[in-house]
Amino acid sequence: MTQPPNQPPSQPPNQPPQQGGFGPPQPPQDATPQDAVPQDAVPQDAPPQPHAPDLSKAPGPQSAPQPPAQAPAPGQVPQASPTPPTTPPPSAPSGPPQPQPGYGYPQAADGPGQPAAPPAGAPGYGYPAQPGAPAPAPSAYGQPQPNPYGQPQPNPYGQQSTAYGQQPGYGYPGQPGQPGQPGQPGYGYPGQPTMPMQPQVVAGGGSAGSGRKINAQVAIIVAAVVAIALIVGGGVWYANSDSGGKKKEEASSGGANGGGGDKGDTGGGTGGKTSGGSEKAPADPSSDVLFKLPMPVVKKDDSVGVRGSWLTDKAYVKTGVDGITGYDQVKGTKLWTIALPGPVCEASRFATDDHRTAIVFQASAAETARCDQIAAIDLAAGKQLWKKTVTSGDYVIDFDNVTVSANTVAVGSSDGGAAFDIDSGKVLWSPKPADTCHDAGYGGGPKLVAVRKCGAYDNPELHIQTIDPVSGKVLSEYKLATGIDYASVVSSDPLVVAADVGDSAGDGSGISDFFSIDNKTGKLRTRISVPGAEYAADCEGITKVEACTGLAVGNDRIYVPTEEHDGSGTYSRTNEVVAFDLATGKQTGQRADAGDGYTIYPLRMDGGNLIAYKRPPYDKGGQVVSVDGGTFKQTVLLENAATDEVHDLEISLSPEYSEVVFGQGRLYMSEVYADDNATSGGDPEYLAVGFGAAAG
């Protein structure tokens, strides 16, 4: 989903199953899993289709499909047309792909070098296919499936993509098209039939192009009137959109940038009313650079992991190359240091209410040292509580991930999982050599969730288990379909798992679908399709089960950023955050715009509100905003200076590659690797930077 940019954003030219130790296995599910990986059979006469997952089998009873004769009710997704288009899409052009128009412009059907318009009735941007509706054409996987993303386009990378111009507005349902007209709404608004739009008028009174006649000008005026009508209609739809039902504001403690929310915060709401958070807007959100922590010295051509950053009541705590240090939150002076014999491999992003957490580290700095040491750390007192290793026979096990839930430290690996009491270090469970399954990792926070692998290495079965954090007893279990090799725990309560189904994300993000699972019953609530070309988030599920960034879960919703796209200004880029209901899988209609030139990333929940960071354009400073969970109104909590020095410092620590922690009105951004670039000349690099009002 998210690819490293080649240059700073918005930069103008020339500018910078088998339960093993967890008890008896549960009986396998007889029904076909709703997350089944589609088959690769493709009819020879079928046109190529984008690799979008088949979501036509969603849980629960569904009503019969309705013909798209009228606009859907607010908050509903229009049904796919039961009748396939009578004209097949044109074959892919033999020459290079043609440039596509900007966001929200309709395509010219069947024009030279242009694809046909998408079938009438295609659902809107980001929506999963509707169950029960007959599909217009066979999918690329050999199963009927509507194509909500338009016709495939060739691209220079040899993969199929979708022309942006064929997409409806971000985050909203599309409307059935009229004969001879494209079926997408204007950008960012609920779908209504639209007329083809003329090129926009450019500065100086001219237009994009030459030889415009009076009838084209009239068309522009008419199009503007239609756009105004859409805006008004969109405002009404916005005001009345509500997923309804009782919502539970789930909580988890925030460490590094990722999904989750504030620990201990729970409440109720309906999607329109949510409890406020603890982060309050200051009278003046302007911030200064509080401190800059120098990058630790490492050997030439060396790189050392420094993953791990936390906030306590008094300290900002950051991992270094040979220890963990607590710093004064304003001055950046050292409060305490815990020395370690080797670098930290993994750090839990969760901590207990009294600020105890856990890490996995190496026993030395030697190249042969492995990640086999486990320790509990008291972040408030600045001391190591205990240190442990786990053996299987004579072999000391390496661990890939670590988390904390209640008073339990849980570590997972390809050799199995283990757990310890965080107070005493007592072993609660450990791998059994006779197990044919193993706990690849755990998701912590409000509940403890295991991702358990069974079967052959190249064809595993993944079991998502909610377990008792003390006994390890399985409380509920959901089995993902065979063919899904890796999964990530985005949130443990409500339980949300991310996976790249059939490797269809296509961007290395590890996410093509979210699975909302009932913790109590182990049943699938809904499955949400988030195509990699359209949504920007990342999960490192291959080894790090709980390493998801750019996501947040709360109010029984998941908040997901869209990919960047062209903004309204010259050279500008922007994106949005949209919300999906974890009960229905549908978008709620809420959307938080980054603003022209900004890129928005969810950080965590704050009660019922979303805390998000906005990476700045070239001429402004970054922001931290609180997004109201009901109205989606944004409140600026912090805004960095727009000076070149501060801007360069800020964008060097982009949240895509760094840890971002916000709390108590202050923002901390830090590296996850230390290398020798800081001492080899060039621009200075820093381990971490604090931003905020000095007296805040």
Salt bridge (Lys or Arg N to Asp or Glu O under 4.0 Å) assessment of Lys383 paired with Asp378 | CA-CA 5 Å; Lys383 66 180 181 179; Asp378 188 327; 5.4 Å; no
Can a side-chain donor-acceptor contact be found between [Y] and [X] if the only test is distance below 3.5 angstrom?
| X | Y | answer |
| --- | --- | --- |
| Asp538 | Ser509 | no |
| Glu645 | Thr643 | no |
| Ser413 | Asp400 | no |
| Tyr601 | Glu656 | yes |

For the pair Lys318 and Glu659, evaluate salt bridge (Lys or Arg N to Asp or Glu O under 4.0 Å) and give the outcome as yes or no after the intermediate values.
-> CA-CA 10 Å; Lys318 177 60 188 172; Glu659 291 178 339; 3.1 Å; yes
Main-chain N/O of [Y] paired with [X] side-chain donor or acceptor, under 3.5 Å:
| X | Y | value |
| --- | --- | --- |
| Arg615 | Thr599 | no |
| Ser488 | Glu546 | no |
| Asp644 | Asp648 | no |
| Asp485 | Asp503 | no |
| Ser348 | Thr357 | no |
| Ser491 | Val553 | no |
| Asp439 | Arg452 | no |
| Thr337 | Ala339 | no |

What do the steps show when you test Glu279 against Arg604 for salt bridge (Lys or Arg N to Asp or Glu O under 4.0 Å), and what is the final call?
-> CA-CA 12 Å; Glu279 301 289 350; Arg604 62 176 175 88; 3.1 Å; yes
Could you walk me through whether Glu346 and Lys544 pass salt bridge (Lys or Arg N to Asp or Glu O under 4.0 Å), step by step?
-> CA-CA 9 Å; Glu346 296 298 330; Lys544 306 177 192 301; 2.2 Å; yes
Min side-chain heavy-atom separation Val396-Val390 under 4.5 Å =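 They are not in side-chain contact.
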Any side-chain heavy-atom pair from Val404 and Ile422 closer than 4.5 angstrom?
->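 Yes, at least one pair of side-chain atoms sits under 4.5 Å.
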Parallel, tilted or perpendicular, as decided by the 30° and 60° cut-offs, for the rings of Phe291 and Tyr316 |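 Taking Phe291 first and then Tyr316, their aromatic rings sit tilted (interplane angle of 30° to 60°).
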